[in-house]
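Accompanying notes for the structure given below.
All ligand and atom numbering here is 1-based and tracks the order in the structure. The figures that follow rest on heavy atoms only: side chains count, while hydrogens, waters and symmetry mates do not.
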Amino acid sequence: MEVVILGGSRQIGRLAADAVEQLVRRKPDAVLGLATGSSPLPVYDELAARHGQGLDFSQASAFALDEYVGLPAGHPASYREVVRREFTNRVNIAPENVHVPDGTAADIPAACAAYEEAMAAAGGIDLQLLGVGTDGHIGFNEPCSSFASRTRIKSLIEQTRRDNARFFDNLGGVPHHVITQGLGTIMAARHVILLATGAQKAQAVRDLVEGPVAAICPASVLQFHPHATILLDEAAASALKLADFYRHTYENKPAWQGL
Ligand SMILES: N[C@@H]1[C@@H](O)[C@H](O)[C@@H](COP(=O)(O)O)O[C@@H]1O
């Protein structure tokens, strides 16, 4: 796990975009894993700007992490819409190469299995962007999710529904159920980049980076990932014991090393 502490979300967006750009230039048909929420927005802004300068996504494909169950097609808070609005419509990824779990499926378990199959058929996720919930969730894998889990239906805890109510008219509009890639699915991505900003994430960041690996903090499973990068601002890093060590390590890293 590499922890990088940066000045703010612009810098975080640029560094994550550098990793995406290097991947897409090296492997034009790269498979990207997309997160929603506020944390990845600076990355998408930066990638949209770079697309304007010629960065080509025409052969790339993308898989979203998760989706609410039961929102009508076109609902502005559905992740299918968010992914389209915030990223894929702003670059030249072919619409048929953009995948989001089907939260309207009549047969949810079958839709989840089909999603796993589509990821496998695409060759697996090359680079997975992640945010983190204040309770340590990644995707919508709430505390005590199985580390071996694959894409499936989950229930949201109230804290997550409250955190996400800002995207809906009111708390009552936030679905109770979601489809999410499992922790096992996320762990199969070849590189994961988790982004966190703000003091409200400091405890979750401390737990995931320096706490014991425990299902009560689902993101802590990333300590077992062979290539996990954690990009933080100062506020999100404020509870880390070894913050100075992470700064020193990153500042003294050979320039060719990349993320
Ligand atoms: N399902 C998403 C997560 O993928 C995201 O990481 C989290 C944090 O969101 P934010 O980045 O807005 O804090 O929100 C939602 O619950």
Side-chain angles (χ1 to χ4, degrees), residues 6 8-10 12-13 16 32-46 62-71 75-83 85-87 99-103 112 115 125 127-145 149 151-168 171 173-183 185-187 189 192-209 217-222 228-233 235-238:
L6 295 163
S9 48
R10 280 289 299 275
I12 292 174
L32 305 175
L34 303 179
T36 50
S38 308
S39 305
L41 296 181
V43 189
Y44 299 147
D45 289 345
E46 184 67 26
F63 286 83
L65 266 177
D66 45 15
E67 177 61 292
Y68 292 104
V69 168
L71 291 184
H75 190 292
S78 80
Y79 286 167
R80 184 174 297 276
E81 284 303 306
V82 173
V83 156
R85 190 170 64 231
E86 302 294 353
F87 181 52
H99 308 267
V100 181
D102 183 0
C112 294
Y115 201 65
I125 307 290
L127 197 170
Q128 177 67 60
L129 295 172
L130 293 174
V132 63
T134 54
D135 63 356
H137 73 241
I138 48 177
F140 268 135
N141 293 281
E142 295 285 31
C144 298
S145 292
S149 51
T151 302
R152 69 215 183 289
I153 190 167
K154 289 287 287 180
S155 298
L156 295 181
I157 68 169
E158 281 308 296
Q159 182 178 330
T160 300
R161 292 186 65 250
R162 278 198 302 274
D163 286 347
N164 288 356
R166 68 189 191 279
F167 298 113
F168 293 80
L171 179 60
V174 184
H176 288 268
H177 294 100
V178 293
I179 295 175
T180 181
Q181 289 187 31
L183 294 173
T185 318
I186 293 168
M187 288 294 283
V192 300
I193 299 182
L194 182 147
L195 317 131
T197 54
Q200 74 282 7
K201 299 290 174 70
Q203 185 62 46
V205 166
R206 163 91 184 259
D207 291 345
L208 88 91
V209 173
C217 177
S220 68
V221 73
L222 297 177
T229 307
I230 314 295
L231 303 184
L232 307 171
D233 70 357
S238 59

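Atom 10 (P) of ligand 1 has as its closest protein heavy atom S38 N, 3.5 Å. When only non-hydrogen protein atoms are considered, atom 8 (C) of ligand 1 lies nearest to V132 O, 3.6 Å. Regarding atom 3 (C) of ligand 1, its nearest protein heavy-atom neighbour is G139 O, 3.4 Å. Closest to atom 9 (O) of ligand 1 among all protein heavy atoms lies G37 CA, 3.9 Å. Closest to atom 7 (C) of ligand 1 among all protein heavy atoms lies H137 NE2, 3.7 Å. Looking only at heavy atoms of the protein, atom 1 (N) of ligand 1 is closest to D66 OD2, 2.8 Å.
Only one option out of L41, T36, L34 pairs with V82 in a side chain to side chain contact (heavy atoms under 4.5 Å, CB included); it is T36. Among the candidates F168, F167, Y68, the single residue satisfying the ring-ring contact (aromatic ring centres under 6.0 Å, His included) test with H75 is F168. Each of T180, I179, T185, D102 was scored for a side chain to side chain contact (heavy atoms under 4.5 Å, CB included) with C112, with one residue passing: I179.
Within ligand 1, counting atoms from 1 as listed, the ones closer than 4.0 Å to a heavy atom of F140 are 1 (N), 15 (C), 16 (O). Every atom of ligand 1 is numbered from 1 in the order shown, and the set under 4.0 Å from a heavy atom of Y79 is 1 (N), 2 (C), 15 (C). Residue S39 approaches ligand 1 through these ligand atoms, each under 4.0 Å from one of its heavy atoms: 10 (P), 11 (O), 13 (O). In the vicinity of G131, heavy-atom distances shorter than 4.0 Å reach the ligand 1 atoms 6 (O). Ligand-side atoms of ligand 1 in range of K201: 10 (P), 11 (O), 13 (O), range being under 4.0 angstrom from any heavy atom.
Not a single N or O atom of G133, backbone or side chain, sits closer than 3.5 Å to an N or O atom of ligand 1. Not one N or O of T36 is nearer than 3.5 Å to an N or O of ligand 1, by distance alone.
The closest side-chain donor-acceptor pair between R166 and S38 falls under 3.5 angstrom. Q159 and T134 are linked by a side-chain donor-acceptor pair at a separation below 3.5 angstrom, with hydrogens and angles left out of the test.
Using a 4.5 Å heavy-atom cutoff, the side chains of L222 and L194 are in contact.
No part of F167 comes within 4.0 Å of ligand 1, judged by heavy-atom distances. Heavy atoms of I138 found under 4.0 angstrom from ligand 1: none, in either backbone or side chain. Neither the backbone nor the side chain of A35 comes within contact range of ligand 1; no heavy atom lies under 4.0 Å. If you look at E142 next to ligand 1, there are no close heavy atoms at all, none under 4.0 Å.
Although no hydrogens or angles enter the test, the distance criterion places a donor-acceptor pair under 3.5 Å between the side chain of E67 and the main chain of Y79. Side-chain N or O atoms of Q181 include none that pairs as donor or acceptor with a backbone N or O of F140 at under 3.5 Å.
In this structure, the separation between CD1 on I12 and CG on L231 is 6.0 Å, given to the nearest 0.5 Å.
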Side chain to side chain contact (heavy atoms under 4.5 Å, CB included) evaluation trace for V174 with T160: CA-CA 10 Å; V174 184; T160 300; over 6 Å; no
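Sorted by first and then second residue, the salt bridge (Lys or Arg N to Asp or Glu O under 4.0 Å) pairs involving residues 32-45 (not counting sequence neighbours) are D45-R90.
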